[in-house]
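Report on the following structure.
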Protein chains: 2
Amino acid sequence: MTDSVDFAKAMADENRQRVMRLLCCRWLCVNDIVAEMSNVSQPTVSHHLGILREAGLVHARREGKQVFYSLNQDEVAVCCGRLMRNFAPELAPTVAEA
Amino acid sequence: MTDSVDFAKAMADENRQRVMRLLCCRWLCVNDIVAEMSNVSQPTVSHHLGILREAGLVHARREGKQVFYSLNQDEVAVCCGRLMRNFAPELAPTVAEA
DNA sequence: CTTACATATTGACGTGTGTCAATATATGTT
DNA sequence: AACATATATTGACACACGTCAATATGTAAG
């Protein structure tokens, strides 16, 4: 339903997808992300992380002064599956894994 | 790459997803779509159809005075597959169908 | 060729969104 | 407590985007 819209909106930004690729399969703290992003300030990165966190697309874990983020691949997979079922039902697997 | 961003942007609107659901598995002309959409004017529907067409997410076919649209499920599937490979690689099938 | 109908385009308007500088909050250190 | 570092929040700004009324374009019929 509207969940698919929220997912699409969360993904609908180049910098957000850059952050997601950085967080794929590893944990990074905000400063590391900022260091790897060119031409994007720390507040902007923090803002994008907030949106991704709100959408459940990243995990967050505090460790001392720093906060580490990592991509939530499960949620991405669930949302992609929902998109497939909604908008490519004739191509999506009929039965989902339980 | 940036294609995933374009796909997400095209999907990032509730009315656009409503239109896509209407066009799932059938052809509708613009007036039919307008009739089934509440509180959305004909120019607005036309505008959304243009964005979906630009993104390759719908097929369009002229038939006399009317233009019929239908959802392009293949493109949706391709884009979802790309999202999966980019952002859920540990959950996506390793080998894609040729 | 004029008329009628279907769709697309234009122009204007309000709202949403990405961005940054400045500042606040949180945590650890001395 | 004072300070330093890491992250989040605020406020302001420009620009993108969704929306509609009005108009233009395309297509067929009389």
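Because the structure is predicted, anything quoted here is derived from the model rather than measured. Letters go in sequence order (proteins before strands), and every chain restarts at 1.
In the displayed structure, A/E54 atom CD is contacted under 6.0 Å by at most 12 heavy atoms of other residues, nucleotides or ligands.
Across the protein-nucleic acid pair, B/R61 atom CZ and D/dT27 atom C1' stand 16 Å apart, rounded to whole Å. If you measure from atom OH of B/Y69 to atom C1' of C/dA6, you get 11 Å, rounded to the nearest angstrom. Separating the CH2 atom of B/W27 from the C1' atom of C/dA6 is a distance of 17 Å, rounded to the nearest angstrom. Remark: C1' of C/dG18 and CE of A/M11 are 17 Å apart, rounded to the nearest angstrom. One atom, CG of A/L52, and another, C1' of D/dA8, lie 15 Å apart when rounded to the nearest Å. If you measure from atom CG of B/N31 to atom P of C/dT7, you get 5 Å, rounded to the nearest angstrom. Straight-line distance from the CD atom of A/E14 to the P atom of C/dT17: 18 Å, rounded to whole Å. Rounded to whole angstrom, the span from the CG atom of B/L49 across to the P atom of C/dT9 amounts to 11 Å.
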Practice task
Using the side chain to side chain contact (heavy atoms under 4.5 Å, CB included) rule, take A/Q17 and A/E14 through it: C-alpha gap first, then chi angles, then the decisive distance, then the call.
Solution key: CA-CA 5 Å; A/Q17 291 202 11; A/E14 180 175 351; 5.9 Å; no

Exercise for the section: Would you please test A/M11 and A/R16 for side chain to side chain contact (heavy atoms under 4.5 Å, CB included) and show each step? Expected result: CA-CA 7 Å; A/M11 302 282 303; A/R16 232 135 49 213; over 6 Å; no

Exercise for the section: Would you please test B/L23 and B/I33 for side chain to side chain contact (heavy atoms under 4.5 Å, CB included) and show each step? Expected result: CA-CA 8 Å; B/L23 297 179; B/I33 300 171; 3.8 Å; yes

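When heavy atoms are screened at a 4.0 angstrom cut-off, B/V45 is found touching no nucleic acid atom at all. At the heavy-atom level, A/F68 lies nowhere under 4.0 Å from the strands shown. Residue-level contact check: A/D32 touches neither bases nor backbone, having no heavy atom under 4.0 Å from any strand.
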Sort me out a list of protein N/O and nucleotides 25-27 of chain C N/O pairs below 3.5 Å, or just none if empty.
none

Please list, pair by pair, any protein nitrogen or oxygen found under 3.5 Å from a nitrogen or oxygen in nucleotides 21-25 of chain D.
none

Are there any protein N/O atoms within less than 3.5 Å of an N/O atom in nucleotides 13-18 of chain D, and if so, which ones and at what distance?
unit_1, atom_1, unit_2, atom_2, d
D/dG18, OP1, B/R16, NH1, 2.8
D/dG18, OP1, B/R16, NH2, 2.9

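Minimum heavy-atom separation, B/Y69 to B/A60: CE2-CB, 3.6 Å. Contact between A/A12 and B/A12 at its shortest, heavy atoms only, is CB-CB, 3.8 Å.
The shortest side-chain heavy-atom distance between B/E36 and B/D32 does not fall under the 4.5 Å cut-off.
A/N15 meets the side chain to side chain contact (heavy atoms under 4.5 Å, CB included) test with A/D13, A/R18, A/M37, A/V40, A/H48; sequence neighbours excluded. When the side chain to side chain contact (heavy atoms under 4.5 Å, CB included) test is applied to B/E75, the partners found at least two apart in sequence or on another chain are B/L57, B/N72, B/C79. Annotation: side chain to side chain contact (heavy atoms under 4.5 Å, CB included) contacts of A/V34 (sequence neighbours excluded): A/V30, A/Q42, A/V45.
Here the CZ atom belonging to A/F87 is positioned 10.5 Å from the CD atom belonging to B/Q73, to the nearest 0.5 angstrom.
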